[in-house]
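The first residue in the sequence is number 1, and the count goes up from there. First listed ligand is number 1; within each ligand, the first listed atom is number 1.
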Amino acid sequence: MDKFIVNGPTSLQGEVTVPGAKNSISKLIAASMLTGDTCTFSNVPSIADTADTLDICRALGTRFETPEPRQLTVRTESIRHSEVPADMALKNRLSVMMLAPLLHRTGEAAIHAAGGDRIGIRPVDFHLEAYRQMGADVQVVDDVYHVRSDGLRGAEITLPYPSVSATENILLAAILAEGRTYIRNAAIEPEIIDLALFLQKMGAIIDQQVDRTYVVEGVKHLEGATHQIIPDRFVSASLGAAALLTHGDVFVKHARQRDMLTFLNTTRRIGGSFEIESDGIRFFSQGRLKSIALETSVHPGFMTDWQPPFVVLLTQADGMSVIHETVFENRFGYVAQLRTMGADIEVYDACLGGAGCRFAARGHKHSAVVRGPTLLKGAQVTVPDLRAGFTQLIAATAAKGESVLTGIEHIDRGYEHIDDTFRQLGASIVRQKAD
Ligand code: EPU
């Protein structure tokens with residue numbers, strides 16, 4: 001395990017290129033396993049999450065090559081095993097996405113419950129219920145999902161909440177099912193549209209209606225396809241927040257305005273500056289930041305993944321900001337450590353935001369009050385999850401003195417060579433073996 005030693009403060013300056021989206025590539029690879037043909041992806045992020053996904057696929061029978069950087073060719077001629085064991089499943093959220101390829105190609109799946117960031121309970125009940133509705137036999141024994149089907153059938157599925165991965169999982173199940181599937185109250189995140197576009201290239205018929213409904217007409221056969229992955233809008237926003245927090249000036253090449261509308265509006269509301277250019281977005285500091293009341297939501301709302309880096313930015317804004325997290329119940333896990341760095345943040349179990357929150361009266365600390373501006377100082381911190389880790393990293397870059405970050409494997413899961421990137425932008429950061 002490695003750690004980062006960061007000496008601040010540094011004002012980040014320069015240019016950085018955003019790779020493809022972490023939350024697209026893993027699902028695209030799962031989709032590629034629905035055919036025995038070759039699929040080719042470009043703009044592939046070189047992150048630990050991609051490697052963990054490929055480990056699972058390799059164990060099931062996928063062969064892959066990386067002919068050049070950011071290119072990936074995958075082919076699953078046949079499925080060797082219909083089981084995803086615990087050691088692989090626990091590394092990320094992908095294991096449950098293997099249900100569709102395994103069921104369509106072998107008729108059975110035994111999948112250990114997924115791991116991933118501990119930002120909430122993260123059940124997969126919506127996924128499993130949808131497979132039941134499509135005619136599969138689903139049993140859960142000791143954290144293993146045992147699913148069998150002699151052919152999935154189309155169904156009318158209404159999700160209790162617009163879950164990203166449940167929507168994606170049902171799309172994968174429905175495209176080779178018999179008949180038509182309606183997915184209502186579905187998620188419409190850009191990564192899901194990216195998946196739908198790739199599936200269309202493979203031969204799927206997926207209509208998107210205006211009201212969060214997808215209608216999928218099952219087809220008999222899918223073919224190999226080639227796809228360029230969309231830029232990672234969470235990495236783009238993270239780097240934007242880093243530039244503003246450190247009073248810097250960073251051109252985030254390939255950041256796409258269309259996927260970041262709400263982030264950019266919110267940035268402007270607090271007084272953050274940016275310029276949209278033809279091939280990216282420049283974030284720069286100009287004047288003081290203002291406080292805000294903010295609620296996270298599903299797309300096109302303010303994404304939960306933008307919340308942690310934005311909160312550290314709000315520690316530098318004048319006045320009191322209020323944040324209501326409505327997507328994951330435990331997404332303020334980084335706050336205690338930011339407080340040791342000097343941030344003035346309190347977390348509450350009350351809903352400090354709109355009505356209808358799923359976490360009301362359940363005791364989860366899912367609201368925060370941030371008072372700023374506060375001087376950040378270096379500290380020893382342990383990274384609890386991916387976005388929290390990036391947040392701690394930018395706090396350390398902005399802070400006076402030395403910070404030591406352990407648990408940085410969480411950051412490596414989703415941010416490509418982040419220490420090299422930060423060094424290029426002027427930060428003093430060293431990667432060392434942890435003791
Ligand atoms: N939920 C259920 N039951 C389900 C599925 C979801 O109750 O069967 C609940 C979750 O517990 C959560 C809410 O629904 O409260 C939303 O969860 P969702 O399924 O949308 O999240 P996810 O698919 O597990 C993906 C991303 C997350 C991102 C969220 C929200 C991947 C691999 N992960 O998670 O990304 O925060 O959507 O946009 O696509 C990250 O990149 O760091 C990350 C955590």
Side-chain angles (χ1 to χ4, degrees), residues 20-31 45 47-50 52-53 56 89 91-99 113-133 138 140 145 157-172 183 185-195 212 229-230 232-238 259 262-263 296-309 325-331 333-334 357-360 362 364 366 383-391 410-415:
K22 165 179 92 67
N23 292 347
S24 268
I25 180 63
S26 53
K27 326 301 173 47
L28 292 167
I29 295 171
I47 50 178
D49 198 73
T50 308
D52 292 341
T53 296
I56 295 179
K91 286 190 182 165
N92 67 8
R93 299 290 305 157
L94 191 79
S95 68
V96 74
M97 303 301 293
M98 290 295 144
L99 274 176
D117 285 340
R118 284 187 226 102
I119 51 183
I121 303 165
R122 304 188 85 176
V124 291
D125 50 336
F126 305 166
H127 304 237
L128 301 183
E129 182 52 31
Y131 276 87
R132 285 192 185 103
Q133 283 182 254
V138 180
V140 184
Y145 316 127
I157 297 163
T158 301
L159 290 173
Y161 183 82
S163 154
V164 170
S165 52
T167 302
E168 293 165 332
N169 207 341
I170 301 167
L171 285 175
L172 297 186
I183 317 172
N185 197 30
I188 53 169
E189 269 63 1
E191 293 77 13
I192 304 176
I193 307 303
D194 201 33
L195 176 65
R212 290 194 172 274
I229 298 153
I230 56 167
D232 196 310
R233 68 199 163 110
F234 300 142
V235 172
S236 303
S238 301
D259 299 334
T262 308
F263 179 82
T296 62
S297 187
V298 293
H299 184 76
F302 191 91
M303 298 306 300
T304 174
D305 298 272
W306 293 332
Q307 180 259 103
E325 168 62 55
T326 73
V327 180
F328 288 112
E329 62 272 40
N330 187 24
R331 203 140 206 189
Y334 60 94
C357 170
R358 294 171 302 141
F359 310 137
R362 283 178 46 194
H364 302 299
H366 69 293
V383 171
D385 65 72
L386 171 64
R387 306 293 166 204
F390 185 86
T391 301
H410 291 292
I411 309 180
D412 290 335
R413 218 161 61 67
Y415 292 89

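In this structure, of Ile25, Thr167, Asp305, the residue bringing a heavy atom nearest to atom 43 (C) of ligand 1 is Asp305. Here atom 20 (O) of ligand 1 lies nearest to Val164 when heavy atoms of Thr53, Thr326, Val164 are compared.
With a 4.0 Å cut-off on non-hydrogen atoms, Lys22 touches ligand 1 through its side chain and not its backbone. Within the 4.0 Å heavy-atom criterion, both parts of Asp125, backbone and side chain, lie near ligand 1. Counting heavy atoms under 4.0 Å from ligand 1, residue Phe126 touches it through both backbone and side chain. Contacts between Glu168 and ligand 1, counted as non-hydrogen atom pairs separated by less than 4.0 Å, are absent for every part of the residue. Contacts of Glu325 with ligand 1, taken as heavy-atom pairs under 4.0 Å, are absent altogether.
Note: His364 and Phe359 have perpendicular aromatic rings, judged against thresholds of 30 and 60 degrees for the angle between ring planes.
Distance check, rounded to the nearest 0.5 Å: CG of Leu386 to CG of Asp305 gives 7.5 Å.
Looking at Arg233, Lys27, Lys22 one by one, the single match for salt bridge (charged side-chain N to carboxylate O under 4.0 Å, His left out) with Glu191 turns out to be Arg233.
Heavy atoms of Pro123 come nearer than 4.0 angstrom to ligand 1 in at least one pair. At least one heavy atom of Lys27 sits under 4.0 Å from some atom of ligand 1.
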